Structure formats: structure tokens, C-alpha cells
There are 2 protein chains.
Amino acid sequence: MSIIERKKREKEEMRRTILDAAKEIFLEKGFRSASIRNIAEKIEYSPGTIYLYFDDKDAIFHALHEDGFQRMLAMMQPLQHVADPMERLVAMGRVYMEFAYNNKELYDLMFIMEAPILAEANRARWEMGDRTLNFLKQVLIECQDKGHFSGMNIDYLSYTIWSALHGMCALYCRNRCQAYEHVKDTDLLKNGMDYFVSIILKA
Amino acid sequence: MSIIERKKREKEEMRRTILDAAKEIFLEKGFRSASIRNIAEKIEYSPGTIYLYFDDKDAIFHALHEDGFQRMLAMMQPLQHVADPMERLVAMGRVYMEFAYNNKELYDLMFIMEAPILAEANRARWEMGDRTLNFLKQVLIECQDKGHFSGMNIDYLSYTIWSALHGMCALYCRNRCQAYEHVKDTDLLKNGMDYFVSIILKA
DNA sequence: TTGGAAAAATGAACAGCGTTCATTTATTTT
DNA sequence: AAAATAAATGAACGCTGTTCATTTTTCCAA
């Protein structure tokens with residue numbers, strides 16, 4: 001009940017208010033429109049105030065990218081109950097792509113934009129990436145226990161699989177699927193995924 | 001020898017001068033520093049002059065991204081002599097990754113940044129992507145003629161393969177390989193490529 | 001060769017950006 | 001109530017892409 005405690009809570013509330021405003025503008029009107037001034041206006045504070053709660057704009061979007069990972073991991077959670085690791089691996093892949101498709105801007109922020117990486121405390125690391133990747137690695141280890149991917153290095157294997165999915169999502173996010181003039185994005189994503197799964201299952 | 005002809009040539013020369021300056025700044029100091037003002041200063045003209053030769057900044061970088069594709073295709077050219085299509089496919093993949101690694105910024109511009117896509121004449125298409133993709137599709141058709149990838153749709157198959165490579169390159173370009181704290185980027189790229197090749201060869 | 005038309009280049013101006021900081025306002029403590 | 005601390009402000013700095021009235025240069029005909 002101490003004042004210092006309330007202050008701390010208020011500080012956190014204000015951070016959350018800023019983040020919510022930033023997220024809303026970002027998701028609605030894109031990164032460009034999510035300027036400090038626009039965020040400040042939305043929460044009815046002056047631009048300078050934002051800097052009392054975040055180091056810079058990158059820090060705001062680093063926090064938002066963390067939210068994204070939390071949301072993504074929440075979608076993965078139910079899959080922990082899938083017994084067969086290969087089945088779980090495939091299910092995770094589909095959820096991953098589903099997330100990218102249904103949260104295009106957020107996926108872009110998490111895996112493509114530079115802002116969140118520039119705001120990493122330790123500039124040579126990527127905390128959220130590391131933690132999320134461990135989920136994939138764990139599943140792959142279980143797959144190996146069942147005789148799949150035998151003899152393969154987990155780092156390289158996970159990178160190969162992650163890249164295949166990210167590639168499809170990234171081409172989608174950055175409008176490179178337009179290279180296929182007469183194929184719908186959704187068809188590319190869906191069938192690309194199916195093809196990769198069937199390829200992986202044969203390996 | 002007509003004056004109108006000289007004018008046309010001079011116009012083209014000026015465009016080239018602008019592009020060279022833009023490219024130099026872009027490759028040396030990044031997209032952010034490649035501002036219209038900086039480009040203008042480098043070629044000793046006023047900022048307004050640039051707009052007499054290009055519609056906007058995006059148009060400049062669209063032209064540069066075309067240069068990138070020309071360069072990439074030039075690196076692929078020698079591979080036309082590889083007789084076996086599967087062997088050629090793999091060789092092309094390695095050249096693709098080599099290009100991305102040795103021309104990080106340029107690859108980023110070609111396959112990740114928004115600028116060149118925003119400047120497409122027909123906003124729903126991607127000319128250079130389409131043309132380049134046809135090379136891949138051609139090889140895949142030849143592979144199918146030899147019995148590989150039988151029954152698979154060329155669009156979906158090419159997308160799957162392209163995505164796998166792009167995914168690795170994109171994660172590298174946008175510093176997401178930092179998710180692997182103790183693995184070097186080059187090792188990820190090299191081994192990721194090898195793994196994917198071995199997976200594809202088994203399919 | 002000169003005068004007028006056409007083309008090319010200019011650079012100030014506009015509206016925006018991230019960020020800083022002296023100043024003001026609000027809150028807490030003495 | 002006064003002093004000390006904390007929070008918020010908003011003008012200012014130096015950038016950005018882009019536009020456009022004005023100036024300069026080039027061209028062609030008289």
C-alpha cells in the first residue's frame with residue numbers, strides 16, 4: 001500500500017497504456033503511422049512524456065513484439081497434448097503459419113522488422129527468438145527419440161525447418177507472392193505448407 | 001545526331017548517375033542514409049532535380065532492385081551448362097544463397113524491403129520476381145521430365161523451394177539468426193542449405 | 001546575333017519524423 | 001505552508017520525402 005508501490009504500479013499502467021495505443025495504431029494504420037506523436041495524441045499526453053516510460057521508439061516495438069510471442073506461444077500451448085512428436089511438429093508448423101496469416105503485421109514485427117532487434121538489451125542476442133526456438137528444438141529431440149531425423153544436428157535441423165516456414169510467411173508479408181501472377185496467396189501458403197510437410201515426412 | 005536524341009541520352013545518363021550515387025550510399029551506409037538530399041549532394045545537384053528523373057524515392061530503389069536481379073541472373077548464367085537438372089537446381093540454390101550472403105543489403109532490397117514493390121507499375125504484379133521465378137520453374141520442369149517431383153504442381157513446388165532458401169537468407173538479413181546464441185550465421189546458412197538439399201534429394 | 005520559347009535546375013517551403021531539455025505543473029515529504 | 005521531488009510539457013533541433021514558384025540554361029528562329 002506504500003506510495004512507492006503505487007508509483008511503481010502506475011508506471012506499469014502507463015507503459016501498458018502507451019503499448020496499447022501503439023499496438024492499435026500499428027495494427028490499424030501500419031508502422032509508419034505509429035509515430036510517437038500519434039501515440040501521444042491517442043493517449044492525450046505530450047510526445048515528450050512517452051520518453052519517460054520508454055527509451056525510444058524501438059523499445060516500444062520491442063515490447064509489442066514480446067506480446068506477439070506470448071500470443072503465438074499461447075496458440076501453441078494446446079498442441080503440447082499431441083502425443084506423437086512428428087504429429088505435433090506438423091501441427092506446430094500449421095499454427096505458426098496460421099498465426100502469420102491472421103496477424104500479418106505482428107508477424108512482420110516479430111520476424112522481419114529491425115526495430116525489436118535494435119532494442120535488444122544484449123545486442124548480439126534475441127531473447128524471445130531463443131526461447132521460442134527451444135520449443136521447436138524440444139519437439140525435434142523427441143522426434144529423434146522416435147527415430148526420425150537420425151544423426152542430424154538439432155540447431156541446423158531446426159533452422160532448416162523454421163526457415164522453410166518463415167520463407168513462405170515472409171514472402172507473403174512483403175508481397176513477394178505477387179511473383180505468382182495468377183495464384184492466390186492463400187493457395188501458395190496452404191499448398192506450400194502441405195508440400196513441405198510431405199517432403200519432411202519422407203526425409 | 002539529333003538534339004532530341006542527345007537529350008534522351010543525357011536523360012538516361014543522368015538517371016544512371018543518380019542510381020550509381022544512390023547505390024553507393026545505400027550499400028555503404030544503408031537505406032536510412034540514402035536520402036534524396038544525400039544522393040543530390042553526392043552528385044552535386046539540388047534535391048528537386050532528382051524528381052525530374054524519378055517519380056519518387058521508391059522508383060529509385062525499384063531501379064536498383066532491377067540491377068540486383070540482373071546481377072543475380074548473371075551469376076546464374078554459367079549454370080545453364082550443367083546438364084543434369086537436379087544438379088543444376090542444387091547449384092542454383094547455392095548461388096542464390098551465395099548472392100544473399102555476399103550482397104546482404106541488395107538481397108534485402110530485392111526480397112524484403114517494401115520500396116521496390118510499391119513502385120511496381122502494376123501494383124498487383126512483380127515483374128522481376130515473375131521473370132526470375134521462371135528460371136526456377138523451368139529447371140523444375142526438367143527435373144520432372146527426369147522423373148523427380150512427379151505429380152507435383154510447379155507453382156507450389158517452386159514456392160516451397162524458394163521459400164526454404166529465402167527463409168534462411170531473410171532470417172540472416174534481419175538478424176534473426178541471433179536466436180542461435182552460439183552458432184555462427186555462416187554455419188547456419190551453410191548447414192541449413194546442406195540439410196535442405198539432402199531433404200529435397202530424398203523426396 | 002539576338003530575342004523569345006522551351007527545358008532544366010534551383011532552393012525555399014510544407015508537413016512529417018525521433019528525440020532532447022529547459023521550463024512548468026503536480027505530488028510528496030518535511 | 002514551504003521545500004523537495006517527481007511528472008509532464010511543448011518548443012526546438014536536425015532530419016525526412018516531396019512540391020513548386022522562380023531562376024538559369026539551352027535551343028531555335030528571325
Side-chain angles (χ1 to χ4, degrees), chain A residues 1-19 21-23 25-26 28-65 109 113-119, chain B residues 1-19 21-23 25-26 28-65 109 113-119:
Chain A
M1 258 315 191
S2 72
I3 286 182
I4 186 170
E5 221 173 278
R6 174 172 60 77
K7 291 266 170 165
K8 195 179 165 189
R9 195 181 59 233
E10 281 176 353
K11 188 121 193 164
E12 202 43 57
E13 279 170 5
M14 183 61 160
R15 276 180 62 94
R16 198 60 253 175
T17 303
I18 293 170
L19 287 180
K23 188 182 222 159
I25 299 174
F26 169 63
E28 225 166 74
K29 303 186 186 168
F31 188 75
R32 291 202 129 113
S33 295
S35 64
I36 298 292
R37 281 175 179 80
N38 286 343
I39 295 168
E41 194 186 16
K42 183 163 207 103
I43 63 174
E44 295 176 297
Y45 277 84
S46 74
T49 305
I50 307 267
Y51 288 88
L52 301 174
Y53 298 90
F54 290 94
D55 280 353
D56 51 30
K57 196 187 174 185
D58 290 338
I60 295 175
F61 284 90
H62 183 276
L64 285 187
H65 116 292
L109 176 65
M113 290 189 192
E114 305 192 313
I117 289 288
L118 293 174
Chain B
M1 258 317 190
S2 73
I3 286 182
I4 186 170
E5 221 172 277
R6 175 170 58 79
K7 291 267 171 164
K8 195 178 165 190
R9 196 182 58 233
E10 281 176 353
K11 189 123 194 162
E12 202 43 58
E13 279 170 6
M14 183 60 161
R15 276 180 63 92
R16 198 61 253 174
T17 303
I18 292 169
L19 287 180
K23 188 181 222 161
I25 299 174
F26 169 63
E28 225 165 75
K29 303 185 188 168
F31 187 76
R32 293 200 125 113
S33 296
S35 66
I36 298 292
R37 281 175 180 79
N38 286 343
I39 295 169
E41 194 188 15
K42 182 162 207 103
I43 62 174
E44 295 175 297
Y45 276 83
S46 74
T49 304
I50 307 269
Y51 288 88
L52 300 175
Y53 298 89
F54 290 94
D55 280 352
D56 52 28
K57 196 187 173 182
D58 289 340
I60 295 175
F61 284 91
H62 183 277
L64 285 187
H65 115 291
L109 176 65
M113 290 189 191
E114 307 191 312
I117 289 287
L118 293 175

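Numbers restart at 1 for each chain; the letters A, B, ... are given by sequence-line order, proteins then strands. The structure presented is a predicted model; accordingly, all values stated were derived computationally and were not measured.
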### Task
Among B:E13, B:E12, B:K11, B:K7, find the residue that satisfies the side-chain contact (heavy atoms from CB on, under 4.5 Å) test when tested with B:R9.
B:E13

### Task
Pull out every residue in residues 55-63 of chain A that has a heavy atom closer than 4.0 Å to any atom of DNA chain C, ordered by number, or say none.
A:D56, A:K57

### Query
NZ of B:K11 versus P of C:dA7: gap in Å, rounded?
10 Å

#### Entry: 5' precedence on DNA chain D between B:K7 and B:S33 (nearest-nucleotide basis)
B:S33

#### Entry: Neighbours of DNA chain C within residues 40-50 of chain B, by heavy-atom distance under 4.0 Å
B:Y45, B:S46, B:G48, B:T49

### Task
Can you run down the ring pair (Phe, Tyr, Trp, His ring centres under 6.0 Å) pairs that involve residues 35-61 of chain B, sequence neighbours left out, and say none if there aren't any?
B:F26-B:F61, B:F31-B:F61

### Query
Which nucleotide in the list C:dT19, C:dA13, C:dA8 gets nearest to the side chain of A:Y51?
C:dT19

### Summary
Interatomic distance, OG1@B:T17 vs CD1@B:I39, rounded to 0.5 Å, equals 12.5 Å

### Query
Considering only side-chain heavy atoms of B:L52, which listed nucleotide, D:dA6, D:dC13, C:dA9, is closest?
C:dA9

### Message
Measure CD/B:E10 against C1'/D:dT25 and give the value in whole Å, please.
### Response
12 Å

### Query
Closest approach of A:S33 and A:N38, non-hydrogen atoms and distance?
O-ND2, 2.7 Å

### Message
In the structure I gave you, are the side-chain heavy atoms of B:L118 and B:D56 within less than 4.5 Å of one another anywhere?
### Response
no

### Message
Just N and O in the side chain of A:N38: are any of them under 4.0 Å from OP1 or OP2 of C:dG16?
### Response
no

### Query
Is the phosphate of D:dA8, meaning OP1 or OP2, less than 4.0 Å from a side-chain N or O of A:Y53?
yes

### Task
Check for a donor-acceptor pair, side chain of B:H62 on one end and backbone N or O of B:A59 on the other, with a separation under 3.5 Å.
no

### Task
Would you indicate what A:F54 reaches in the nucleic acid, counting non-hydrogen atoms under 4.0 angstrom: base, sugar-phosphate, or nothing?
nothing

### Query
What's the spacing between B:R16 CZ and B:L19 CG if we round to 0.5 Å?
4.5 Å

## Note on the structure
Here the distance between atom C1' of C:dT10 and atom CZ of B:R37, to the nearest Å, is 13 Å

### Message
Counting only heavy atoms not in A:E44 (residues, nucleotides, ligands), do more than 12 fall under 6.0 Å from its CD?
### Response
no

### Length of the CD1-P vector between A:I25 and C:dC17, whole Å
10 Å

### Query
With side chains defined as the heavy atoms from C-beta onward, is the minimum distance between B:T49 and B:I18 less than 4.5 Å?
no

### Task
Using a heavy-atom cut-off of under 4.0 Å over every strand shown, decide if B:R32 touches base, sugar-phosphate, or nothing.
nothing

### Query
C:dT19 P sits how many Å from A:I39 CD1, rounded?
11 Å

